[in-house]
Amino acid sequence: KTTGEEPPLHPFIKSSDIKSETCLTCHPEKRGGKFVHSAVASGCESCHQATSENETTNITLLATGGELCAMCHQVKETPVIHGPYKSGQCLVCHEAHTSNFPGVVRAEPNTLCMSCHGVDQPDVKIDKENQSVTLLGGRKITLEEYRKATKIGLDRSGTKGHPIPGHPISG
């Protein structure tokens, strides 16, 4: 359960102009990274639905959370299931469109993992008043979810690979 704000109102697009090329005119960054999610090549309508009527354009997702990802990606059953993965919060770790890292993840693996599993990480902003935590890339989770993530006392600089041998999320 990520926390967030309402999306901004979308500018009006005539129904006949609703297509990926139109979307990418205003959002070219969605296809311009080092690693681009394969769904982007399939077209925006693979994940989004756009409707226009009464001078209003609404953009919605075809499904939410992990259900959207499961439309293309097979859900794996493993002995250890990562909390965000288990609850369908793929975007806690992955970007939806493009990234500078393989697997379209938000950061270098150790930096990414330590944002939830490390202590006093510089890229993590805890907001006790609103009971939320802002992670890398501005992604928000609840303070309760953040506190549930097991904390390990490793310095993320200089550590390569996963600190627990055989862990299924080794990288």
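In what follows, every heavy atom counts, from backbone to side chain, and hydrogens, waters and symmetry copies are set aside.
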K.L.:
Hey, what do you get for CZ (Arg31) to SG (Cys23), rounding to the nearest 0.5 Å?
P.N.:
10.5 Å

K.L.:
Look at the side-chain heavy atoms of Ile, Leu, Val, Met, Phe, Trp and Tyr, link any pair under 4.5 Å apart, and say whether Leu136 and Val105 land in one connected group.
P.N.:
yes

K.L.:
Are the side chains of Arg139 and Leu91 in touch, meaning some heavy atoms are under 4.5 Å apart?
P.N.:
yes

K.L.:
Could you please spell out the steps behind the side-chain contact (heavy atoms from CB on, under 4.5 Å) verdict for Ile18 and Ser52?
P.N.:
CA-CA 8 Å; Ile18 295 176; Ser52 287; 3.5 Å; yes

K.L.:
Just say parallel, tilted or perpendicular for the rings of His117 and His82, cut-offs at 30° and 60°.
P.N.:
tilted

K.L.:
Tell me whether Gln74 at atom CD has more than 12 heavy atoms from other residues, nucleotides or ligands lying less than 6.0 Å away.
P.N.:
no

K.L.:
Work out which heavy atom in Met71 is nearest to a heavy atom in Ser46; give both atom names and the distance.
P.N.:
CE-O, 3.9 Å

K.L.:
With a 3.5 Å cut-off and no angle check, do the side chains of Ser87 and Gln89 form a donor-acceptor pair?
P.N.:
yes

K.L.:
Roughly how far apart are Lys19 NZ and Leu24 CG, rounded to 0.5 Å?
P.N.:
12.5 Å

K.L.:
Does either side chain, that of Thr111 or that of Glu108, offer a donor lying less than 3.5 Å from an acceptor on the other one?
P.N.:
yes

K.L.:
Do Ser132 and Leu143 come within less than 4.5 Å of each other through their side chains, counting heavy atoms only?
P.N.:
no

K.L.:
Could you check whether the rings of His27 and His10 sit parallel, tilted or perpendicular, using 30° and 60° as the cut-offs?
P.N.:
tilted

K.L.:
Walk me through it: do Phe101 and Leu112 pass the test side-chain contact (heavy atoms from CB on, under 4.5 Å)?
P.N.:
CA-CA 11 Å; Phe101 305 96; Leu112 178 66; over 6 Å; no

K.L.:
Would you kindly confirm whether Ile126 and Ile141 end up in one hydrophobic cluster when ILVMFWY residues are joined by side chain heavy atoms under 4.5 Å apart?
P.N.:
yes

K.L.:
Look up atom CD in Glu95 and atom NZ in Lys30, then write down how far apart they are to the nearest 0.5 Å.
P.N.:
8.0 Å

K.L.:
Any chance you could lay out the side-chain contact (heavy atoms from CB on, under 4.5 Å) test for Val40 and Thr98, step after step, and finish with the verdict?
P.N.:
CA-CA 8 Å; Val40 174; Thr98 183; over 6 Å; no

K.L.:
Mind running side-chain contact (heavy atoms from CB on, under 4.5 Å) on Thr134 and Val124 for me, showing each step along the way?
P.N.:
CA-CA 6 Å; Thr134 304; Val124 175; over 6 Å; no

K.L.:
For Tyr146, is the NZ or CZ atom of Lys151 found under 6.0 angstrom from the centre of its six-membered ring and inside 45 degrees of the ring axis?
P.N.:
yes

K.L.:
Grab the two heavy atoms, one from Ala39 and one from Cys47, that are nearest each other, plus how far apart they are.
P.N.:
CB-SG, 4.2 Å

K.L.:
Do Thr51 and Glu53 come close enough that some side-chain heavy atom pair is under 4.5 Å?
P.N.:
no

K.L.:
Distance from Asn100 atom CG to Phe35 atom CZ, nearest 0.5 Å?
P.N.:
8.5 Å

K.L.:
Check whether any side-chain heavy atom of His97 sits under 4.5 Å from a side-chain heavy atom of His37, and report yes or no.
P.N.:
no

K.L.:
Any chain of hydrophobic side-chain contacts (each under 4.5 Å) joining Val75 to Leu61?
P.N.:
no

K.L.:
Would you kindly say whether Ser20 and Glu45 are connected by a side-chain donor-acceptor distance under 3.5 Å?
P.N.:
yes

K.L.:
Ignoring hydrogens and geometry, is there a side-chain-to-backbone donor-acceptor pair from Gln121 to Val119 under 3.5 Å?
P.N.:
yes

K.L.:
Determine yes or no for a side-chain-to-main-chain donor-acceptor pair under 3.5 angstrom, with Ser115 supplying the side chain and Leu135 the backbone.
P.N.:
no

K.L.:
For the pair His94 and His73, evaluate ring-ring contact (aromatic ring centres under 6.0 Å, His included) and give the outcome as yes or no after the intermediate values.
P.N.:
CA-CA 13 Å; His94 297 273; His73 299 277; 8.3 Å; no

K.L.:
Got a second to check how far Thr142's OG1 is from Asn130's CG, nearest 0.5 Å?
P.N.:
12.5 Å

